[in-house]
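Heads up, the thing below is written out as structure tokens.
Quantities reported herein were computed from a predicted structural model and do not represent experimental measurements.
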Amino acid sequence: MIDEDGYFGESVAARYDESSAEMFAPSMVEPAVELLAELAGDGRAFELGIGTGRIALPLSRRGVEVHGVDLSRAMVARLRDKPGGAAIRVTIGDFATTKVAGSFSVAYLVFNTIMNLTSQDAQVACFENAAEHLAPGGCFVVEVMVPDLRRLPPGQTAVPFHVGGDRLGFDLYDVATQSMSSHHVRVEDGHGSYRSIPFRYVWPAELDLMARLAGMRLRNRWEDWTRRPFTGESRSHVSVWEKPAG
């Protein structure tokens with residue numbers, strides 16, 4: 001169900017950290033924080049889609065000033081309830097277009113959040129918004145999946161990502177429009193629940209073109225935050241685009 005917080009309202013926010021527990025593991029968080037702190041240097045960081053603070057809070061503890069944007073008040077309320085959460089400035093709004101004061105050394109989008117923007121125009125606007133907030137020489141970092149279309153034989157549109165006794169998750173793809181949706185079915189105490197979230201998947205080369213339209217150039221692309229090389233077998237990537245210094 002969609003409410004004023006979009007697809008990440010109270011019902012999702014209440015269990016978000018639990019449902020994404022593997023993403024909160026130190027092995028997932030620490031390499032990301034290390035890279036972002038390195039790129040921030042003595043400057044500030046701008047997180048688009050800050051959510052419950054999975055990355056922002058440890059980055060802040062590293063001494064980096066973080067300013068976030070998020071549409072969901074419910075997700076941000078969870079951030080505020082955590083130690084150090086009250087010290088992080090957050091603006092409520094659409095991260096593709098929302099403006100905040102000042103400039104930043106690094107802007108970043110993690111955990112496939114670029115795909116929450118469900119049109120190419122919105123994704124292009126997001127790159128332009130990030131670039132406008134970056135100081136000269138600053139970097140925009142995106143962590144996102146590589147579209148998993150090799151798992152789709154002719155005529156199939158669904159790819160499961162979780163099959164368990166009490167939970168089923170699968171993605172539906174429309175390869176003609178690059179639209180997809182994630183579907184979550186859960187059974188608890190004999191009662192079932194269902195929700196779906198729309199996305200737009202995007203290719204690495206397409207993101208590079210969006211960056212060029214925003215006046216940035218590709219600096220690095222790795223398979224993950226540990227900076228393993230990106231290859232044809234990689235199922236995700238962490239890409240860094242740089243705004244010209246002069």
Side-chain angles (χ1 to χ4, degrees), residues 1-24 28-29 32-33 36 40 44-62 64-104 106-119 121-130 132-134 140-144 167 169 179-184 186 188 193-200:
M1 180 179 294
I2 306 174
D3 58 23
E4 65 177 357
D5 288 342
Y7 289 91
F8 293 85
E10 178 59 33
S11 62
V12 175
R15 64 183 354 163
Y16 180 81
D17 289 12
E18 174 190 356
S19 64
S20 303
E22 71 280 0
M23 297 302 296
F24 285 80
M28 301 296 291
V29 172
V33 170
L36 293 170
R44 302 193 299 159
F46 184 39
E47 179 165 5
L48 307 176
I50 195 169
T52 65
R54 181 178 68 94
I55 299 299
L57 286 168
L59 185 58
S60 178
R61 289 194 289 269
R62 285 285 299 267
V64 178
E65 181 183 340
V66 181
H67 192 137
V69 171
D70 204 290
L71 184 65
S72 173
R73 293 170 175 81
M75 294 285 277
V76 172
R78 296 311 190 284
L79 163 65
R80 295 287 187 228
D81 286 342
K82 296 176 181 178
I88 295 178
R89 297 179 61 193
V90 180
T91 301
I92 300 298
D94 179 352
F95 62 73
T97 56
T98 298
K99 306 291 189 271
V100 303
S103 62
F104 299 83
V106 63
Y108 61 96
L109 264 169
V110 300
F111 195 16
N112 300 322
T113 306
I114 184 69
M115 300 197 317
N116 289 114
L117 302 173
T118 56
S119 72
D121 285 346
Q123 291 172 345
V124 168
C126 178
F127 270 74
E128 293 172 340
N129 194 33
E132 288 177 15
H133 285 89
L134 289 175
F140 183 36
V141 184
V142 172
E143 175 197 22
V144 65
R167 185 161 68 92
S179 62
M180 63 175 287
S181 54
S182 290
H183 300 258
H184 305 261
R186 183 183 294 268
E188 292 180 311
S193 64
Y194 166 78
R195 67 183 177 93
S196 65
I197 303 175
F199 299 101
R200 180 183 188 271

| Shortest non-hydrogen separation from S182 to F199 and the atoms involved | OG-CE1, 3.3 Å
| request: Calculate, to the nearest 0.5 Å, the distance between atoms OG and CZ belonging to S20 and R54 respectively. | output: 8.0 Å
| note | Output for pair (R44 CZ, H67 NE2), nearest 0.5 Å, gives 7.5 Å
| query | Quick one: do the H183 and S181 side chains pair a donor with an acceptor below 3.5 Å? | reply | yes
| task | State which residue, out of I197, D70, L71, fulfils the side-chain contact (heavy atoms from CB on, under 4.5 Å) condition with F8. | result | I197
| query | Nearest 0.5 Å, what's the CZ-CZ distance between R89 and F46? | reply | 10.5 Å
| request: Quick one: do R78 and E10 satisfy salt bridge (charged side-chain N to carboxylate O under 4.0 Å, His left out)? Show the steps, please. | output: CA-CA 10 Å; R78 296 311 190 284; E10 178 59 33; 2.5 Å; yes
| task | Return the minimal non-hydrogen interatomic distance between Y7 and V12, and the atom names on each side. | result | O-CG2, 3.5 Å
| message | When you measure from the side chain of H133 to the backbone of V100, do you find a donor-acceptor pair of N or O atoms at a distance under 3.5 Å? | response | yes
| query | Where is the tightest heavy-atom contact between A74 and G9, given as atom of each residue plus distance? | reply | CB-C, 3.8 Å
| field | Euclidean distance, L57 CG relative to I88 CD1, rounded to 0.5 Å | value | 4.5 Å
| Gap between atom CD1 of I55 and atom OG1 of T52 - 0.5 Å precision | 10.0 Å
| C126 versus L109, closest heavy-atom pair with distance | SG-CD1, 3.6 Å
| field | Straight-line distance of E128 CD to F140 CZ, nearest 0.5 Å | value | 11.5 Å
| request: Would you confirm whether S72, through its side chain, and M75, through its main-chain N or O, come within 3.5 Å as a donor-acceptor pair? | output: yes
| Is the side chain of R80 donor-acceptor paired with the backbone N or O of G85 at a distance under 3.5 Å, no angle test? | yes
| Short N-O contact, R15 and E188, less than 4.0 angstrom | yes
| request: Taking the side chain as every heavy atom from C-beta outward, state whether E22 and M28 have any atom pair closer than 4.5 Å. | output: no
Throw together a table of side-chain donor-acceptor distances under 3.5 angstrom for residues 112-119, partners on residues two or more places apart or in other chains.
unit_1: N112; atom_1: OD1; unit_2: M145; atom_2: N; d: 2.7
unit_1: T113; atom_1: OG1; unit_2: V110; atom_2: O; d: 2.5
unit_1: S119; atom_1: OG; unit_2: A122; atom_2: N; d: 3.1

| message | Tell me the closest heavy-atom pair linking L134 and A107, and the distance in Å. | response | CD2-N, 3.6 Å
| Less than 4.5 Å apart, any side-chain heavy atom of I50 and any of L79? | yes
| query | Quick one: does E143's side chain have a donor or acceptor within less than 3.5 Å of a partner on F111's backbone? | reply | yes
